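Reviewing the structure listed below.
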Amino acid sequence: MALGKSLPDIIGKGNLLAYLVHLTLVIKEIHRVLKPTGSFYLHCDPAASHYLKLILDTIFCSQGGEFQNEIIWSYRTGGASRKRFARKHDVIFFYTKSRQWTFHAPKEKSYMMHRYGFKKSNFQIEPETGRQYSLVYGRDVLEIPTIGSDSKERLGFPTQKPEALLSYLIQASSNGGDLVLDAYCGSGTTLVAAQKCDRSWIGIDLNPISIDITKQRIQHDFGIACLENIQSISDQKLDDLL
């Protein structure tokens, strides 16, 4: 029986354990500085999501927070296996620190014709196709393409996410002028999306290459004046800002 065994006994003392311990410490610190009305999103590989869900429940739900959604980011990329279903999604967890939070429910087009639930006046015509659709509240499955090899967004950064994905989440969970924090800013997609959505932002990364790419990207997209307004901050000043 596995009763009484610790996590290292079950999964071993390898890369997965190190990853989970590291993220636990980071998530606890983010939870500490998060405003009571703040929202938290964690993007993760499906191979580790079930472990991270337990960690997030322990940190957030035990202190008055709430689990809101397990969001599926679905995409189509090349490559498939004959031994299993094609792996074409990532998991994004959405938590709030309290029972009061900002949320602007996104709407999306639905082309399904329902016998019940919609008035005839709710349907509109799509000019480019002539198809009839209605606007419905967005689901917890986001069908947003990854960054293709021919995309203008593509920087060659291995973990780069599409701007459309980050913009969607930022606009859903914040108001203009609110502060967005990305503790693993990578190639700076969250920061660029936040800037375009009229949000303030803080980006953190230990990789000097990430910092350089992000600065170049901000200068390219918003000009040298925006880059000059960026401040380097210490841990103490970070607490003051948040």
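Since we're looking at a predicted model, the values are computed, not measured.
The 12-atom threshold is exceeded at CG of L54, counting heavy atoms of other residues, nucleotides or ligands nearer than 6.0 Å. The environment of CG in D212 is crowded: more than 12 heavy-atom neighbours from other residues, nucleotides or ligands sit within 6.0 Å. Around CD1 of I125, the count of heavy atoms belonging to other residues, nucleotides or ligands within 6.0 Å exceeds 12.
Not counting sequence neighbours, the partners of E126 by the salt bridge (charged side-chain N to carboxylate O under 4.0 Å, His left out) test are K109. Partners of S210 by side chain to side chain donor-acceptor pair (under 3.5 Å), not counting sequence neighbours: none found. Residues forming a side-chain contact (heavy atoms from CB on, under 4.5 Å) with D198 (at least two apart in sequence, or on another chain): none. Qualifying side-chain contact (heavy atoms from CB on, under 4.5 Å) partners for A80, counting only residues two or more places apart in sequence or in other chains: A86. Residues meeting the side-chain contact (heavy atoms from CB on, under 4.5 Å) test with I224, sequence neighbours left out: Q219, L227, E228. Every residue two or more places apart in sequence or in another chain that forms a side-chain contact (heavy atoms from CB on, under 4.5 Å) with Y137 is listed here: A105, K107. In this view, H43 and D90 satisfy the side chain to side chain donor-acceptor pair (under 3.5 Å) rule, not counting sequence neighbours.
Scanning both residues, A183 and I30, for their nearest heavy atoms gives CB-CD1, 3.8 Å. Contact record, D205 with N207: OD1-N, 2.9 Å, taken as the closest heavy-atom pair. A pairwise comparison of heavy atoms in T214 and G186 identifies OG1-O, 3.2 Å as the closest pair. Among all heavy-atom pairs drawn from V192 and D221, the shortest one is CG1-OD2, 3.5 Å. In plain terms, the two heavy atoms of S200 and G177 that are nearest each other are OG-O, 3.9 Å.
Proximity of the aromatic rings of F40 and F60 is defined here by a centroid distance below 6.0 angstrom, and this criterion is met. For W73 and Y75, the ring centers are positioned less than 6.0 Å apart.
The side-chain heavy atoms of L179 and K35, taken from C-beta on, include no pair separated by under 4.5 Å. Residues L20 and I55 have side chains in contact (heavy-atom distance under 4.5 Å, counting atoms from C-beta outward). Between E108 and V136, the closest side-chain pair of non-hydrogen atoms falls below 4.5 Å. Side-chain contact check for L42 versus I27: some heavy-atom pair is nearer than 4.5 Å. Put simply, the side chain of I92 reaches to within 4.5 Å of the side chain of L165, judged on heavy atoms. The closest side-chain heavy-atom distance from F93 to F67 is below 4.5 Å. Contact of the Y19 side chain with the L17 side chain is not registered, since no non-hydrogen atoms from C-beta on lie closer than 4.5 Å.
From T24, atom OG1 reaches atom CG of L52 across 7.5 Å, with rounding to the nearest 0.5 Å. Here Q195 contributes atom CD and I170 contributes atom CD1; the two are 11.0 Å apart, rounded to the nearest 0.5 Å. Here the CZ-OG distance, from R139 to S74, works out to 9.0 Å after rounding to the nearest 0.5 Å. Once rounded to the nearest 0.5 Å, the distance linking SG of C185 with CG of L191 reads 5.0 Å. Atoms CG and CG, from L23 and L25 in turn, are 9.0 Å apart once rounded to the nearest 0.5 Å.
I213 and I230 are not part of a single hydrophobic cluster, where members link through side-chain heavy atoms under 4.5 Å apart. V26 and V91 fall within a single hydrophobic cluster, where Ile, Leu, Val, Met, Phe, Trp and Tyr side chains are chained together by heavy-atom contacts under 4.5 Å.
Counting only residues at least two apart or in different chains, salt bridge (Lys or Arg N to Asp or Glu O under 4.0 Å) contacts with residues 58-69 comprise E66-R99. Residue pairs meeting the side-chain hydrogen bond (donor to acceptor under 3.5 Å, both in side chains) criterion with at least one member in residues 76-87, sequence neighbours excluded, are T77-K88. Applying the side-chain hydrogen bond (donor to acceptor under 3.5 Å, both in side chains) rule to pairs touching residues 166-185 yields H22-Y184, Y41-S173, H104-N175, S174-R199, D182-T190, sequence neighbours excluded. Legend: side-chain hydrogen bond (donor to acceptor under 3.5 Å, both in side chains) pairs involving residues 55-64, not counting sequence neighbours, sorted by first then second residue: K53-D57, D57-Y95.
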Exercise answer: donor-acceptor pairs, residues 140-158 side-chain atoms, under 3.5 Å, sequence neighbours excluded:
{"residue": "S151", "atom": "OG", "partner": "E153", "partner atom": "N", "Å": "3.1"}
{"residue": "E153", "atom": "OE1", "partner": "E163", "partner atom": "N", "Å": "3.0"}
{"residue": "R154", "atom": "NH1", "partner": "I147", "partner atom": "O", "Å": "3.2"}

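A donor and an acceptor atom, one from each side chain of Q68 and T96, are located under 3.5 Å apart.
Of the possible polar contacts, one joining the K161 side chain to the T159 backbone as a donor-acceptor pair under 3.5 Å is found. Judged purely by atom type and a 3.5 angstrom limit, S98 has no side-chain atom pairing as donor or acceptor with the backbone of G65. In this structure, the side chain of K97 does not engage the main chain of T37 through any donor-acceptor pair within 3.5 Å.
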| How far apart are the C-alpha atoms of L34 and L181, what are their side-chain angles, what is the distance that settles it, and do they pass the side-chain contact (heavy atoms from CB on, under 4.5 Å) test? | CA-CA 9 Å; L34 189 64; L181 167 67; over 6 Å; no
